[in-house]
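Heads up: the structure comes next, in structure tokens.
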There are 2 protein chains.
Amino acid sequence: MQQILCTVDVVLLTLQDDMLKVALLRRDREPFKGVAALPGGFIRQQDDADTRDAALRVLRDKTAIEPPYLEQLATFSGPARDPRGWSVSVVYYALVPFDVIDSAGHPDVKLVGVDKPVGLPFDHRLIIDTAVARLRSKSQYSSLPCYLAGETFTLPQLQRVYEALMGEALNKVSFRRKMTEMDMLEPVEGAFSAGGAHRPAQLYRLKPELRDRLTLIERGL
Amino acid sequence: MQQILCTVDVVLLTLQDDMLKVALLRRDREPFKGVAALPGGFIRQQDDADTRDAALRVLRDKTAIEPPYLEQLATFSGPARDPRGWSVSVVYYALVPFDVIDSAGHPDVKLVGVDKPVGLPFDHRLIIDTAVARLRSKSQYSSLPCYLAGETFTLPQLQRVYEALMGEALNKVSFRRKMTEMDMLEPVEGAFSAGGAHRPAQLYRLKPELRDRLTLIERGL
DNA sequence: GCAATAGTGTCTTTCAGACAATATGCA
DNA sequence: TGCATATTGTCTGAAAGACACTATTGC
């Protein structure tokens, strides 16, 4: 009997112009050669310490991106999702500020609005929808959106990120209160946003000790 | 090169005497033959429509239980977790009222407090801890605990379930308000708890349309 | 000064917990 | 009646949203 195919796929998400986008790559081999799809590949026993490691390797090889945030989403499986046979795909999702993708400058990576792509191969449509749902749900009560906001950001910028993800306007005073009591940001001393013909805003960054772990909040935004 | 081992494991959780317990089985084959472990097994391409299906099959075969609630937990992987080689285990967790396990009456199934078991094989200790953390976290803002409470239950009973899971006393009035506004329970007309030398309580059941899906709440309990 | 956006003070509404009163079964 | 627990009413404090006011920049 043929073996089960073991793969990983990555849903790389970013925010461009307040729109949630997913990174797609044209497949360079069969099946679905030439079709835009999620970055993915086979697990390599000799190279990968686990599936997370495999996801990082795939991302590094295909997009040259080291994501600041990567989390396991779920595992998708079955006899029909891959025409080559019964397959298991362990899927991770990554959050990356747009400028990281931009500066990585990988020409093959295409950013597409998460609701846009049709005709995706495998069950990638389902996978993307699952990732977006997870991100939206988790954004309500965690610091997750900060990973989409870049290295430093102002509170109004961060609020727009949250609003873009959750699809609704947030109360400015409440938002700032929340951010204060979550106690996960620190001001970048003396650094302010520049450019507009208006009052500059204080720049903040994630507290260093929180770079790699989420902060959860009690009551949502 | 040797193939990747593809397995499923199930964390079957129940509440017995207000204690969260996990179902363990003595392994009937190597590796770790005779050692108590989570029910699990290889994915069978010819039998299983997906990993969820495989988890249900394993549970049915080894414990004769059809769980009312089964959700994918996460996938655990790596070269060292199974002595036979690089392995991937897609893990599900199931919630079952104690009397379902009791009446299934499978003699091999042992219920053990979730913090108890030491010397578990593979990474089953980590898996159980992950499942318990997920259950506790999700219980705060969903109807999940209802699946541990049995077919019908009184509100005070359900509150004790929530309290056992979350490890803290809950405000009675607030709890009842939440249950009312979650709108997921319906009273069993004319049915009341009996037995005690005191006022009987109204029996409730999950609304039929919610049997198979969770209700989420906005703000926690 | 004016336009535009940042940041804050305060009032009002909404929600959760405390407390207590009432309800209902059994001995 | 008295006890134990269920159920409900009401008060109070905390949290969230609405609104408006002040602050700071470029023009």
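So that the names make sense, note that chain A is the first sequence line, chain B the second, and so on, each numbered from 1. Since the model is a prediction, treat every value here as computed from it, not as a measurement.
Between B:Asn171 atom CG and C:dC15 atom P there is a gap of 16 Å when expressed in whole angstrom units. As a whole-Å value, the separation of B:Phe175 CZ from C:dC15 P is 19 Å. One interatomic measurement links the two molecules: CD1 of A:Ile217 to P of D:dA14, which rounds to 20 Å at whole-angstrom precision. Atom pair B:Leu170:CG and C:dA16:P shows a separation of 12 Å (rounding to whole Å applied).
Within 4.0 Å (heavy atoms only), A:Lys178 reaches sugar-phosphate atoms of the nucleic acid but no base atom.
Contact check on B:Asp50 versus A:Arg81 returns no salt bridge, with no Lys/Arg side-chain nitrogen under 4.0 Å from an Asp/Glu carboxylate oxygen. A salt bridge is defined here as a Lys NZ or Arg NE, NH1 or NH2 lying under 4.0 Å from an Asp or Glu carboxylate O, and A:Arg60 with A:Glu66 meets this definition. A salt bridge links B:Asp129 to B:Arg125: at least one charged side-chain nitrogen sits closer than 4.0 Å to a carboxylate oxygen. Look at A:Asp108 and A:Arg26 and you find no salt bridge, because none of the NZ, NE, NH1 or NH2 atoms lies under 4.0 Å from a carboxylate O.
The base of C:dG17 lies outside donor-acceptor range of the side chain of B:Lys172, with no N or O pair under 3.5 Å. No donor-acceptor contact under 3.5 Å links the side chain of A:Arg199 to the base of C:dA4.
In terms of position along DNA chain D, the nucleotide closest to B:Arg176 lies nearer the 5' end than the nucleotide closest to the other residue of the pair A:Glu181 and B:Arg176. Nearest-nucleotide positions on DNA chain D for B:Val173 and B:Gln157 put B:Gln157 closer to the 5' end.
For the pair A:Arg177 and D:dA16, the criterion of a side-chain N or O lying under 4.0 Å from OP1 or OP2 is not met.
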